[in-house]
Amino acid sequence: PATPAHPSPLYNYRSCDEIYTPGAATNCTACGTGLGTQIMGATTDAACLALPGFGYDDVNRTASPCPVGTFNPGWNKEPCQSCGLGTITTNGPGAESAQECVIPAGHGAQLEADGATLAAAPCPVGTYGRGDSTVGLVEVECSKCPDHSTTNTTGATASTQCLTEPGYGYSNGQMQICEQGTFSPGGSQQPCTACGQGRTTLVEGATSAADCVSDSGWSDSLTPCAEGFYKAASGNGSCRACPSGATTLAVGATSLAHC
C-alpha cells in the first residue's frame, strides 16, 4: 500500500474512482502475476504489462515465464514469440530477446519459404556444422565433407569427423584413392595400409587385406622365385620353371625373358 501523498509504485495501480480523504489510507492494487507497470502513478490495470521474459495471457490477464525456445522483450501484452522451428532453443525459460535464441553446435539453420521463419536441424550425414552454438536468429550453413569422405552420424561439429570411404586413405590433407599394393577399409583419417613385401593388389582402391595377392616374382609363400624360376603376373600362383637348360641370374625373376 502507498501513502496518499505518493503515486502508485511500480507493479501497482490506483483507480481514479477511489476518492482520497485526508488522513485516510488509500491502497494501490497489485498487477496480476507476471505483470508490472513502467511508470509510477498508474491509474488502471491497462498499464499492467507483461514483464520482460514473460508472455501475456489475455484470458486470465496474467503473464508467465516464456517456455524454452521462446522469448518476449516484455512491457507489452503479447504472448511469447517462438525462436523458430526444429532444434532452435534457449538456454532456459524466461528469454527476453531473439539474441537468447540458440542454434546448437553441429546444426544448420535456414529460412523457411515464408522468408521469416528460421528452422534448424542437425547437419546431415556427409556434412558438419560449427563447433560452438550460434546465438541469435541467423542462418547457419553445414559444410560438406571433402570428396570421398563422410560422417558416421548427423550433427557433426568438425571436419575431423569426416572419415574416408572404403578404398581411400587420408594423406597430405586430402582423401586419396589407395594405390596398387595398398588398401583401406575406410572409416578413418589414416593413410592406406601397405600389403607388405612380396604382395600387391590387382587394382587401385582395394578395401581389405584380403585383396592383397602375391606379386610378380614372388610365390604364394611370400618368398622370391628361386633361381631358375619366374612368375610373370601378380596374383595367387606358383613360380614357373625356366625351360630345360635355362636359368635366371637372380631370384625374383618376373618374366620368361629373364631365363
Side-chain angles (χ1 to χ4, degrees), residues 68-70 82-92 95 98-216 218 222 233-236:
V68 171
T70 67
S82 172
C83 288
L85 303 177
T87 56
I88 304 177
T89 186
T90 55
N91 289 326
Q99 290 305 306
E100 294 182 63
C101 296
V102 176
I103 300 165
H107 290 225
Q110 300 292 328
L111 285 174
E112 294 285 275
D114 61 9
T117 304
L118 198 66
C123 290
V125 169
T127 67
Y128 60 95
R130 297 179 180 178
D132 297 314
S133 298
T134 301
V135 177
L137 297 181
V138 295
E139 290 189 286
V140 178
E141 293 287 341
C142 295
S143 300
K144 185 180 181 298
C145 285
D147 289 344
H148 307 297
S149 68
T150 188
T151 58
N152 287 332
T153 184
T154 60
T157 57
S159 62
T160 53
Q161 292 176 260
C162 295
L163 308 178
T164 53
E165 293 177 352
Y168 284 81
Y170 187 77
S171 179
N172 297 322
Q174 299 181 51
M175 312 299 173
Q176 299 180 345
I177 193 168
C178 293
E179 299 177 348
Q180 279 188 262
T182 66
F183 66 92
S184 173
S188 73
Q189 283 200 348
Q190 299 297 316
C192 299
T193 301
C195 288
Q197 188 178 39
R199 291 171 65 79
T200 189
T201 58
L202 299 179
V203 293
E204 292 183 321
T207 61
S208 167
D211 295 325
C212 296
V213 295
S214 55
D215 204 352
S216 58
W218 289 76
L222 298 184
S234 299
N236 296 325

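Owing to the predicted nature of the structure, the values given are computational and were not obtained by experimental measurement.
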Mind checking what makes side-chain hydrogen bond (donor to acceptor under 3.5 Å, both in side chains) contact with [X], not counting sequence neighbours?
X	result
Ser159	none
Thr127	none
Gln176	none
Asn172	none

Side chain to side chain donor-acceptor pair (under 3.5 Å) partners of residues 177-195, not counting sequence neighbours, each pair once
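Every candidate side chain to side chain donor-acceptor pair (under 3.5 Å) pair involving residues 177-195 fails, so no pair, neighbours aside, qualifies.
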Among Thr200, Thr201, Leu222, which residue meets the side-chain contact (heavy atoms from CB on, under 4.5 Å) test with Asp215?
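With Asp215 as partner, Thr200, Thr201, Leu222 yield a single side-chain contact (heavy atoms from CB on, under 4.5 Å), made by Thr200.
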Here's a test for you: under side-chain contact (heavy atoms from CB on, under 4.5 Å), which of Thr70, Thr90, Thr89 qualifies with Cys83?
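Of the listed residues Thr70, Thr90, Thr89, the side-chain contact (heavy atoms from CB on, under 4.5 Å) partner of Cys83 is Thr90.
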Atom of [X], atom of [Y] and distance for their closest heavy-atom approach:
X	Y	answer
Ile103	Ala109	CD1-CB, 3.6 Å
Ile177	Tyr168	N-CD2, 3.3 Å
Thr151	Gly126	OG1-N, 2.9 Å
Gly167	Thr207	N-CG2, 3.6 Å

For residues 133-145, run the donor-acceptor check on the side chains, cut-off 3.5 Å, and write out each pair with its distance to 0.1 Å, sequence neighbours left out.
residue	atom	partner	partner atom	Å
Thr134	OG1	Arg130	NH1	3.0
Glu139	OE2	Leu111	N	3.2
Glu141	OE2	Gln110	NE2	3.2

For [X], enumerate each residue passing the side chain to side chain contact (heavy atoms under 4.5 Å, CB included) test, keeping only those at least two apart in sequence or located in another chain.
X	answer
Ala158	Thr160, Gln161
Ser208	Ala210, Asp211
Thr154	Pro122, Val125

Any salt bridge (charged side-chain N to carboxylate O under 4.0 Å, His left out) involving residues 181-206? Give me the pairs, sequence neighbours left out, ordered by first then second residue.
none
Output all residues satisfying salt bridge (Lys or Arg N to Asp or Glu O under 4.0 Å) with Asp132, sequence neighbours left out; order by chain, then residue number.
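Once residues adjacent in sequence are excluded, Asp132 has no partner under the salt bridge (Lys or Arg N to Asp or Glu O under 4.0 Å) criterion.
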Under 4.5 Å between any side-chain heavy atoms of Leu163 and Ser149, yes or no?
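Heavy-atom side-chain distance check fails, nothing below 4.5 Å.
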Taking ring-ring contact (aromatic ring centres under 6.0 Å, His included) as the test, write out the residues that go with Tyr128, two or more places apart.
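With neighbours one apart ignored, the set is empty.
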